[in-house]
Every structure is written in C-alpha cells, then in structure tokens.
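See below for the structure under consideration.
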Amino acid sequence: MAKLNVSVSEPLQGWIEDRVRSGEFANANDYVDDLIRNDRARHKALVEALIEAENSGVSQRLVEDIIADAKAKMRNGAV
C-alpha cells in the first residue's frame with residue numbers, strides 16, 4: 001500500500017477524529033479512503049452524465065421552458 005502524508009487544519013482533524021470515535025470508521029485512513037472512493041464515484045457519474053448529454057444532441061426546447069420545468073420539479077420535490 002502506498003503511503004501519503006497529508007496535513008489538515010485542527011478543526012478538520014477534530015472532525016476526522018469524531019468520525020472515527022463514532023465507530024463508523026476504524027481509523028483516519030479508512031475515513032480518507034471512503035472520501036476518495038466517494039469522490040471517484042461522483043466524478044465518474046458526472047463524466048458519464050456529461051457524455052450522455054453531449055450525445056443527446058441539441059434540445060429544441062426554449063431555455064425559459066427548461067427553467068420553468070426545473071423550478072416546477074423543485075417545488076414538487078422531484079429534484
């Protein structure tokens with residue numbers, strides 16, 4: 001396993017220690033590994049969504065209609 005030394009501010013160190021004390025993570029390494037895995041998954045999902053959007057072509061909808069639909073979804077709790 002590769003070793004990487006990282007410095008964090010005291011508040012962040014306290015946060016990490018609290019997460020470990022909660023029992024959710026065995027140690028700080030497990031916590032950081034989890035953060036990185038989740039970041040990689042979000043990045044992959046974002047790239048895939050961007051590729052899908054690019055491949056879908058140009059929309060025929062007006063920007064105003066897209067915004068109105070998005071606001072309606074937010075009001076209805078669909079987003």
- Task: Mark yes or no for whether Asn38, through its side chain, and Asp34, through its backbone, hold a donor-acceptor pair below 3.5 Å.
- Result: yes
- Tell me whether Trp15 is reachable from Phe25 by hopping between hydrophobic residues (I, L, V, M, F, W, Y) whose side-chain heavy atoms are closer than 4.5 Å. yes
- Item | Derivation and outcome, side chain to side chain contact (heavy atoms under 4.5 Å, CB included), residues Asp69 and Arg61 | CA-CA 11 Å; Asp69 287 349; Arg61 297 172 62 200; 2.2 Å; yes
- Exactly one candidate in Arg42, Glu48, Arg40 meets side chain to side chain contact (heavy atoms under 4.5 Å, CB included) with Lys44; the answer is Glu48
- From Asn27 atom CG to Asp33 atom CG, the distance as rounded to the nearest 0.5 Å: 8.5 Å
- Message: Are Ile36 and Leu46 linked, directly or through intermediate hydrophobic residues, by side-chain heavy-atom contacts shorter than 4.5 Å (ILVMFWY only)?
- Response: no
- What pair of heavy atoms forms the shortest contact from Ser59 to Ile66, and how long is it? OG-CD1, 4.4 Å
- Task: First locate atom CG of Asp30, then atom CZ of Arg19, and finally report the distance between them rounded to the nearest 0.5 Å.
- Result: 12.5 Å
- First locate atom NZ of Lys71, then atom CG of Asn76, and finally report the distance between them rounded to the nearest 0.5 Å. 14.0 Å
- Message: Show, in sequence, the C-alpha distance, side-chain angles and deciding distance for Arg37 and Leu35, and conclude whether the side chain to side chain contact (heavy atoms under 4.5 Å, CB included) test is met.
- Response: CA-CA 6 Å; Arg37 275 192 298 275; Leu35 291 174; over 6 Å; no
- Task: Could you tell me which non-hydrogen atom of Ala28 sits nearest to which non-hydrogen atom of Val20, and how far apart they are?
- Result: N-CG2, 3.6 Å
- Please report the shortest heavy-atom distance between Asn5 and Lys3, naming the atom on each side. OD1-CE, 3.8 Å
- Hphob cluster co-occupancy, Leu12 + Val6, side-chain heavy atoms under 4.5 angstrom: yes
